[in-house]
Asks: 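Pasting a structure here, questions to come.
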Amino acid sequence: MGNGTDKLVLIDGNSIINRAFYAIPPLTNGSGLHTNAVLGFTTMLLKVLEEEKPSHILVAFDAGKVTFRHEGFAEYKGGRQKTPPELSEQFPLLKELLPAFGISQFELAGYEADDIIGTLSRVAEEKGGSVVIVSGDKDMLQLASDQVTVLITRKGVSEVERFTPEDVNEKYGLTPAQIIDLKGLMGDASDNIPGVPGVGEKTALKLLHEYGTVENVLEKVTELKGKLRENIENNMDSARMSKQVATIFREVPLEKTLDDAAYSGYQSAELVGALRKLEFKSLIERLDLVGAVSEDAGAAGSEPLAYEIVLVEEAGWGELNDALAANVDSLIVESNGDNPHQAEGIGLAVAAGEKIYFVPWELLTAADAGPLRAWLGELSAAKSGYDLHRDELVLARAGIELRGLAFDALLAAYVLDPTEADPSIGGLLSRHGLASIAPDEAVFGKGAKFRVPDRERLAKHLAAKADAVRRLKPLLVEEMEKQSMHRLYYEVEQPLSVVLAGMEKQGISVNGEALQELGAEFQRRIEEIVSAIYKIAGFEFNIGSPKQLGEVLFDKLGLPVVKKTKTGYSTDAEVLEKLEPYHEIVRQILLYRQLAKLQSTYIEGLLKEIRPETGKIHTFYRQTIAATGRLSSQFPNLQNIPIRLEEGRQIRKAFVPSEPGWRILAADYSQIELRVLAHISGDEGLKEAFRNDMDIHTKTASDVFGVSPDQVDANMRRSAKAVNFGIVYGISDFGLSQNLNITRKEAAAFIEQYFSVFQGVSRFMETIKQQAKQDGYVSTLLDRRRYLPDIRASNFNLRSFAERTAMNSPIQGTAADIIKLAMLRMDEALRERGLRSRMLLQVHDELVFEVPEEELELMSKLVPEVMESALKLDVPLKADVSHGSNWYEAK
DNA sequence: ACGGTCACG
DNA sequence: ACGTACGTGACCGTA
């Protein structure tokens, strides 16, 4: 770029690809990758190249999660939705395509595309060149000048509106420089720039025509009147900040120069290869590239692979066996269902250097597969994979052991960000700027449409996954190390995944006859209640349909409507309890609901899950779901077996030891979350209470109500208990008022009183919120992190939710850390001591074991000891233990 | 596929 | 003024 005849085109990559994504209907290529946004972008690009004939051109991208704008303005982009995976997987595609066009890309960590564009357009202007900026964002209009024209996309991407400074004036009556004042006043919902509430484009323009700048509007605010003046006066800082945030930074310290953006056209061969891969056939024709030969023309639609796929069924086992003995990079095990206790294996891929071996499932049990099976079961042979915990269960059902876990990409991704929207292999690749692969759904289909594709496609897909895992591994490990999360990963989550698989394979014995009998009793009562309800109503209807039930209660019987849902009347238990005094039918419906739930979910649901051969139920713990670090349990969920009401609690009688004469032993932490709170808040009163092992709700009541503990009545204790729950959840007066059925004022008074007594807790709640705002995340004692992007949102709801989460997650998450440690220590202890007792279940603050009679005494001491010493806090941890002939009796 | 409801910690 | 307690999974009825 050197003289006045040069023409520079600057493209706002993020803005255009976003526009294109929403403007072009969904589109996928043969390997299942979405391509619509890339297509839209390319269409726009071709048009610009043709019309502008640039001498220099580049595409600028945003880089990094946090930009320098966050330093000055917390809410920036806070309310923006996460990029959908269908779009984020297209970034790498675009970034691969641009070199084929001979177009360079600029990005710099911490800066956004518009700052890069602002900087380069300034440089080009100074050199006397002319500039065309292409974006979907009107903010860019601030850059328009005699030398700079701004093209803003409208309706799709290839149609643009052209802005010189004169056009800006004609359309808005403003100079380009005033565009930032416009944003300062009206804000921008998509960037979460607040502006001044109640001021939209019209009002903002009127004000600027009158006063010229935000500063002048603020200065002369007294000349305004009514609601407008009030709004502006109350949001002066917001207006100033919004203007500042909307101002494009034009001094980005770029390393590359405009010379790096010189454009001399594309190479046909390269471009046709890239477009074929994307399957943009019409573009190939349009560019008259049909005859052009791409380097890998032989395999149209595929890019050259950095590895060779070896089909073991054709090539034989020799080579794979050699590789197993030498060096394996990664392992993929594919199966056909969500439930690893039921899914059937499909095939397996082993990546070793330039070869990736594919083994169809049928071959796994053949004699020839001996070395592979031995390798899978060999503890000292390191396995890296994706969700190996699941793989272990699938392989186990084929009688094959999986041992020697070295790295799990899914688990690492969870440790790095437990709320990651798309932790699939493709999602992780995209997020790391690597070329993505087809999602499983695209290869297999989903739900009822699940089909195993032909061998070639299957082998290719598994190989792509195996290759992806070994490429992701160093990146994920480095990230964990950088953020000091590797200990949580290597010392807790990874070893725990092995312990969990052991518990799941073990399973718990469930007495099907006992469930049947209980179910028969529920059935009798349900039938009675149903006929009673029909009799009262005068006709039959489906009680299980909230819609029909609502019609009966509110239209026919005319009961008062307490609450509504999106779709109609609310009929939940809270509503029904309020309606109970009005009509006798309500109590019957509540009873029906209770029994119907027990029958369908717990009697019928659990019966279906009992394996006839063993009489056992095998749940599956998901270790990478809960945002706080807790486990979840599926197929069936054994973490929500009824206990609160006696009828439901009976279900627990069916959970029994798997061997005659053994016992069920259960141990649960007492008040672990409040103890954790006492520790991390350092609150003296709370610590003292736990050191003296006091009844914490009575103690809270006595302090809050200012009476001695023996004067605390049941009602006071109940209120205090609700306050303690609220504290753990991230308290709000509204939430507490709902829970206690009191007014918001009364609830607020409770909370204030609580905080005046427990000042350490109060300080903690403030500190943690501040910390979350500053860092964008909160952490547990073991450095488990949870990001809270909404903590800086200007939207009250989003922000409040994030604040409560900031208060709750360190507490719930630390409690989860602690029981995970206890599980690891228990697993060790059982093995070291050669005990026969088995750990079977975890229910967040409880561990369930089956224990032979002769170990009962030992285990009754050992389990609580291990649980209580899992992590040393400033207050003692306490675990209560009990045992019985079934889970019901172990209470 | 999704919302309403309800089981647990 | 805003409208909610924190974290899950399963079942049912309905679109």
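Chain naming here is simple, since letters A, B, ... match the order of the sequence lines and numbering starts at 1 in each.
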Asks: Under 4.0 angstrom, heavy atoms only, what part of the nucleic acid is A:Ser809 near: base, sugar-phosphate, or nothing?
Replies: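 Here A:Ser809 touches no strand at all.
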
Asks: Is the phosphate of B:dT5 approached by A:Ser570 (side-chain N or O, under 4.0 Å from OP1 or OP2)?
Replies: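 For B:dT5, OP1/OP2 do have a side-chain N/O of A:Ser570 under 4.0 Å.
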
Asks: Using a heavy-atom cut-off of 4.0 Å across all strands, would you classify A:Ala596 as base, sugar-phosphate, or nothing?
Replies: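 Result for A:Ala596 = nothing.
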
Asks: Write down the distance separating the P atoms in B:dT5 and C:dT4, rounded off to the nearest Å.
Replies: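 Approximately 14 Å lies between the P atom of B:dT5 and that of C:dT4.
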
Asks: Using the P atom as the point on both nucleotides, what is the distance between C:dA5 and B:dG4, in whole Å?
Replies: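 Approximately 13 Å lies between the P atom of B:dG4 and that of C:dA5.
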
Asks: Please measure how far the P atom in C:dG3 lies from the corresponding atom in B:dC8, and state the result in whole Å.
Replies: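 The same atom, P, in both gives a distance of 31 Å.
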
Asks: Using 30° and 60° as the class boundaries, would you call the ring planes of A:Tyr569 and A:Phe554 parallel, tilted or perpendicular?
Replies: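 Plane angle between 30° and 60°, so tilted.
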
Asks: Base, sugar-phosphate, or nothing for A:Gly544, non-hydrogen atoms under 4.0 angstrom?
Replies: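 Contact class for A:Gly544: sugar-phosphate only.
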
Asks: Closer than 3.5 angstrom, by distance alone: can the side chain of A:Glu868 be matched with the main-chain N or O of A:Pro876 as a donor-acceptor pair?
Replies: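 No.
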
Asks: What's the closest nucleotide to the A:Arg622 side chain, out of B:dA7, C:dG9, C:dT14?
Replies: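 Closest of the options to the side chain of A:Arg622: C:dG9.
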
Asks: Does A:Arg593 have a side-chain nitrogen or oxygen under 4.0 Å from the phosphate oxygens OP1 or OP2 of B:dC6?
Replies: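 Answer yes for this pair, as a side-chain N or O of A:Arg593 is under 4.0 Å from OP1 or OP2.
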
Asks: Is the phosphate of C:dT14, meaning OP1 or OP2, less than 4.0 Å from a side-chain N or O of A:Gln548?
Replies: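 For C:dT14, OP1/OP2 do have a side-chain N/O of A:Gln548 under 4.0 Å.
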
Asks: Taking only the side-chain heavy atoms of A:Asp572 (C-beta and beyond), determine which of B:dT5, C:dT8, C:dG7 contains the nearest atom.
Replies: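 From the listed options, B:dT5 comes nearest.
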
Asks: Less than 5.5 Å between centroids and less than 30° between ring planes, does A:Phe796 satisfy that with C:dC2?
Replies: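 Whether judged by distance or by angle, A:Phe796 falls short somewhere, so it does not stack on the base of C:dC2.
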
Asks: Which base, if any, makes a Watson-Crick or G-U wobble pair with C:dC2, both distances under 3.5 Å?
Replies: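 Because no pair has both required distances under 3.5 Å, C:dC2 counts as unpaired.
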
Asks: Between A:Tyr569 (OH) and C:dT14 (C1'), how many Å, whole number?
Replies: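 Spelled out: OH on A:Tyr569 to C1' on C:dT14 is 18 Å.
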
Asks: Quick one: look up who B:dG4 pairs with, Watson-Crick or G-U, both distances under 3.5 Å, and put none if it's unpaired.
Replies: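 Partner of B:dG4: C:dC11.
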
Asks: Taking atom types as they are modelled, would you say the side chain of A:Ser732 forms a donor-acceptor pair with the base of C:dT4 within the 3.5 Å cutoff?
Replies: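 Looking at the base of C:dT4, it does pair with a donor or acceptor on the side chain of A:Ser732 (distance under 3.5 Å).
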
Asks: Is A:Asp668 touching bases, backbone alone, or none of the nucleic acid, heavy atoms closer than 4.0 Å?
Replies: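 Result for A:Asp668 = nothing.
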
Asks: Considering only side-chain heavy atoms of A:Ile643, which listed nucleotide, B:dC8, C:dT8, C:dA5, is closest?
Replies: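 Closest nucleotide to the A:Ile643 side chain: B:dC8.
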
Asks: Could you check which of C:dT14, C:dC6, B:dA7 has an atom nearest any side-chain atom of A:Asn640?
Replies: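 So the side chain of A:Asn640 is nearest to B:dA7.
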
Asks: Between C:dG13, B:dC6, C:dG7, which nucleotide gets closest to the side-chain atoms of A:Ala626?
Replies: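 Selected nucleotide: C:dG7.
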
Asks: Within this structure, what is the CH2-to-C1' distance between A:Trp887 and B:dG9, rounded to whole angstrom?
Replies: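 Atom CH2 in A:Trp887 sits about 11 Å away from atom C1' in B:dG9.
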
Asks: Would you indicate what A:Ala816 reaches in the nucleic acid, counting non-hydrogen atoms under 4.0 angstrom: base, sugar-phosphate, or nothing?
Replies: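 Nothing: the residue A:Ala816, judged by heavy atoms under 4.0 Å, touches no strand.
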
Asks: As a test of reading the structure: which of C:dA5, C:dG7, C:dC11 is closest to the side chain of A:Thr601, going by heavy atoms?
Replies: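 That would be C:dC11.
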
Asks: Between the main-chain N or O of A:Thr28 and the side-chain N or O of A:His34, is there a donor-acceptor pair closer than 3.5 Å?
Replies: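 Checking the backbone N and O of A:Thr28 against the side chain of A:His34, no donor-acceptor pair under 3.5 Å is found.
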
Asks: Apply side chain to side chain donor-acceptor pair (under 3.5 Å) to A:Glu604 and A:Gln599, showing your working.
Replies: CA-CA 6 Å; A:Glu604 290 160 7; A:Gln599 190 72 309; 4.7 Å; no

Asks: Within the 4.0 Å heavy-atom criterion, would you say A:Val843 contacts the bases, only the backbone, or no part of the nucleic acid?
Replies: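 Sugar-phosphate contact only - A:Val843 comes under 4.0 Å of backbone atoms but never of a base.
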
Asks: Side chain of A:Arg652: nearest nucleotide among C:dG13, B:dC8, C:dG9?
Replies: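 Ranking C:dG13, B:dC8, C:dG9 by closest atom to the A:Arg652 side chain puts B:dC8 first.
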
Asks: Ignoring the backbone of A:Gln812, work out which of B:dT5, C:dG7, C:dG3 is nearest its side chain.
Replies: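 Among the listed nucleotides, the one closest to the side chain of A:Gln812 is C:dG7.
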
Asks: Kindly say if A:Arg804 contacts the phosphate of C:dT4, meaning a side-chain N or O under 4.0 Å from OP1 or OP2.
Replies: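 So the side chain of A:Arg804 is outside the cut-off, no N or O lying under 4.0 Å from OP1 or OP2 of C:dT4.
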
Asks: Classify A:Ile625 by what it touches in the nucleic acid, base, sugar-phosphate, or nothing, heavy-atom distance under 4.0 Å.
Replies: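 Sugar-phosphate, backbone atoms only, no base.
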
Asks: Give one of base, sugar-phosphate or nothing for A:Ala747, where a contact means two heavy atoms less than 4.0 Å apart.
Replies: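 Contact class for A:Ala747: none.
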
Asks: Between A:Glu766 and A:Arg763, does any side-chain N to carboxylate O distance fall below 4.0 Å?
Replies: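 No, no charged N to carboxylate O under 4.0 Å.
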
Asks: What nucleotide, of C:dC6, C:dA5, B:dC6, holds the atom closest to the side chain of A:Thr805?
Replies: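 Of the options given, the side chain of A:Thr805 lies nearest C:dC6.
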
Asks: Less than 4.0 angstrom between a side-chain N/O of A:Ser545 and OP1 or OP2 of C:dT14, yes or no?
Replies: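 Yes, because at least one side-chain N or O of A:Ser545 sits under 4.0 Å from OP1 or OP2 of C:dT14.
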
Asks: I need the CG-P distance between A:Leu638 and B:dC8, as an integer number of Å.
Replies: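 It works out to 14 Å between those atoms.
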
Asks: Determine whether the side chains of A:Gln812 and A:Thr628 contain a donor N or O and an acceptor N or O closer than 3.5 Å.
Replies: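 Per modelled atom types, A:Gln812 and A:Thr628 side chains form a pair under 3.5 Å.
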
Asks: Taking atom C1' of B:dG9 as reference, at what distance in whole Å does atom CD1 of A:Ile641 sit?
Replies: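 Going from A:Ile641 (CD1) to B:dG9 (C1'), I get 13 Å.
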
Asks: What is the distance from CD of A:Glu604 to C1' of C:dC12, rounded to the nearest Å?
Replies: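 From A:Glu604 CD to C:dC12 C1': 12 Å.
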
Asks: In whole angstrom, give the distance that lies between atom CG of A:Asn637 and atom P of B:dC6.
Replies: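 The distance from CG of A:Asn637 to P of B:dC6 comes to 17 Å, rounded to the nearest Å.
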
Asks: Salt bridge or not between A:Glu574 and A:Lys563? Use side-chain N to carboxylate O under 4.0 Å.
Replies: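 Salt bridge: yes.
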
Asks: When you check the phosphate oxygens OP1 and OP2 of B:dG4, does a side-chain N or O of A:Thr567 lie under 4.0 Å from one of them?
Replies: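 The answer is yes; a side-chain N or O of A:Thr567 sits under 4.0 Å from OP1 or OP2.
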
Asks: B:dT5, C:dC11, C:dT4: which one has an atom nearest the side-chain heavy atoms of A:Arg744?
Replies: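 Nearest nucleotide to the side chain: C:dT4.
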
Asks: Could you tell me how far apart A:Phe734 (CZ) and C:dC6 (P) are, to the nearest whole angstrom?
Replies: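 Spelled out: CZ on A:Phe734 to P on C:dC6 is 12 Å.
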
Asks: Distance under 6.0 Å and angle within 45° of the ring axis: does A:Lys556 meet both against A:Phe539?
Replies: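 Satisfied, under 6.0 Å and within 45°.
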
Asks: Would you kindly give the CG-to-C1' distance between A:Leu631 and C:dG9, to the nearest whole Å?
Replies: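 Rounded to the whole Å, the gap is 14 Å.
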
Asks: Want to settle it: does A:Thr628 or A:Ser800 sit nearer the 5' end of DNA chain C, counting the closest nucleotide to each?
Replies: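 It is A:Ser800, whose closest nucleotide lies nearer the 5' terminus.
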
